[in-house]
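Please read the structure below before turning to the comments.
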Amino acid sequence: MINDIRNTVLAVLNKNNYGYISPQDFNLYAQQAQMDLFEDYFYAYNYQVNKENQRTSGTGYADIKKGYVEVIDFFSVTTALSQVGANLDKFFLPSISTTGSDYYLINKIFTGSTELERIEQSKILLLNSSPLTAPSTMFPAYTTEASTATIYPTPAAAQTVNCQYIRYPKAPKWTYVDLGTNNEPVFDQTQPDYQDFELFPDDATDLTMKILQYAGVSIREASVVQYAGAEEATEINSEK
Amino acid sequence: MSYLSQYEYYENGGNAPEDANWGSYQYVSLKDIVVNYQLMYSGNHSLINNEERYKILFHAKRAIQELNYDAFKEVKVLQLTVSEELRFVLPSDYVNWVRISYYNDGVIRPMVENVQVNSAKAYLQANDARILFDQDGKALQPEYSPLDFTRITGQQPSIYLNSLSPYNGLLGYEYEGCWYFDFAVGARYGLNTETANANPTFRIDKKAGVINFDSTMADESCILEYVSDGMEGGDDTQVTVNKLFEDYVYAYISYQILNSKLGVQEYVVNRARKAKSALLRNAKIRLSNIHPGRLLMNLRGRDKWIK
């Protein structure tokens, strides 16, 4: 998908000889555009929930929310957390170094079939003070601080603590080989660092428009920014 | 929790204790209550949304506590021997008493609560009645107050018709040359029915956490029937609620959350309150066990001839 989008972007930019963006710039804009759209999924999901509550949304093929759930779930990862040293109650939150990917949001932390409840730092002391609400093995809880989670009550030694989280999409990278004749880079997806967009194909238009906006700003071409912005707004409105 | 097989139910799957699951089908666990509530009554399209689990847990436990105080009719029984100090320490999960009995010669004899105070705190006093203090300014206390001392040493008379009555064994009415007080000689007019009991008496000191008895209970066996709050000493795995009250607990949680939430319309709160009250009434009627068979036995008394 990344090559198609790059070709479209270049085609639009070259139409009136607006200019050219290098592969490096394209990769930067592509990453930025993907992150923008990725974050929009969560707002769009919430928007659809509200529409359902207002009874202005349908079921079956009209269930737009389901589509967002599927897209978000594509980025879901479930993995065991690493214990922090000898502290039985502390575990590293997901990160590239511990679980292979950074988390965008933690959906749940659980041991066996028991889910831990996330507690705000401002509440945990109060929670522990009340006999009715104090975390127990049946209703455990956790707080987060920096890159670690503290679990209440302290789990037994060697107990596996799992986490299901939504990871960030991988940074897209359009890779190429330089043939040298006219110094035109040629797309090569066999490169080890190649990475396609992780968003679904129906987001290709949005990605193209967003990249065009960044590219328009880069080459100081206001009409490109305006055109891409208007196209994106139209696309968003049509999806509501 | 999944359903148990017959083997798991009757013999706990071969594990000890064998009776762990007997009667368990009457109850639903606290975990099931909270999980079911989160699944069925809380979510994006429900009245209850974005509520922390600990709030649901708190209200579920409060509902169970309230039910344990009266509606459940689940009375716990503890039998202990009363100490030389005539005390019976209240159980760790005690909330209120139902009945206190004296177990003697294989017979359970219900005791009455003494209407008079039988225990007190005291301060040491000088000859001129001034209170004595230690160097930290605290009033000095004797081991026992005079009231406690006379009771524990068996010197305290009782207004009840038991062996501590000041008239017990004493001569009283003159009859054919003898005086009697506690023998039923002829009609006994003016009997104070409030104190007309021959069993030992007790009084509960709630703050001290003990039941104080009169001196006739020393080393005697006492049976305490009491109600708890159902929290099982803080062990959430043991907290259960009768299935007849399951819907009430859900309704109670909903009402409490809606009632304390900002911006909820009053009619919604009222609807939740009415649902909660109605479900409690229904459950109480169900649990009251009015069986036709029992009514029949009572109604058979209609045919008795009144002499």
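This structure is a prediction, so every number in the text was calculated from the model and none was measured. A note on names: the letters A, B, ... follow the listed sequences, proteins ahead of strands, and every chain is numbered from 1.
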Sort B:K31 into side chain, backbone, both or neither according to what part of it lies under 4.5 angstrom from a heavy atom of chain A.
-> both

Going by distance alone, is a donor N or O of one side chain under 3.5 Å from an acceptor N or O of the other, for A:S76 and A:Q164?
-> yes

Tell me, out of A:R118, A:E117, A:M138, who's got the most heavy-atom pairs with chain B below 4.5 Å.
-> A:E117

Which atoms of B:V34 approach chain A - backbone, side chain, both or neither, heavy atom under 4.5 Å | side chain

B:E51 and its side chain to side chain donor-acceptor pair (under 3.5 Å) partner, picked from B:K261, B:H59, B:Q38 | B:K261

Sort out for me which residue in A:F38, A:F75, A:Y165 forms a ring-ring contact (aromatic ring centres under 6.0 Å, His included) with A:Y104.
-> A:F38

Based on non-hydrogen pairs under 4.5 Å, which of B:R53, B:M231, B:Q65, B:H45 is most in contact with chain A?
-> B:R53

Donor on one side chain, acceptor on other, A:Y41 and A:N46, under 3.5 Å | no

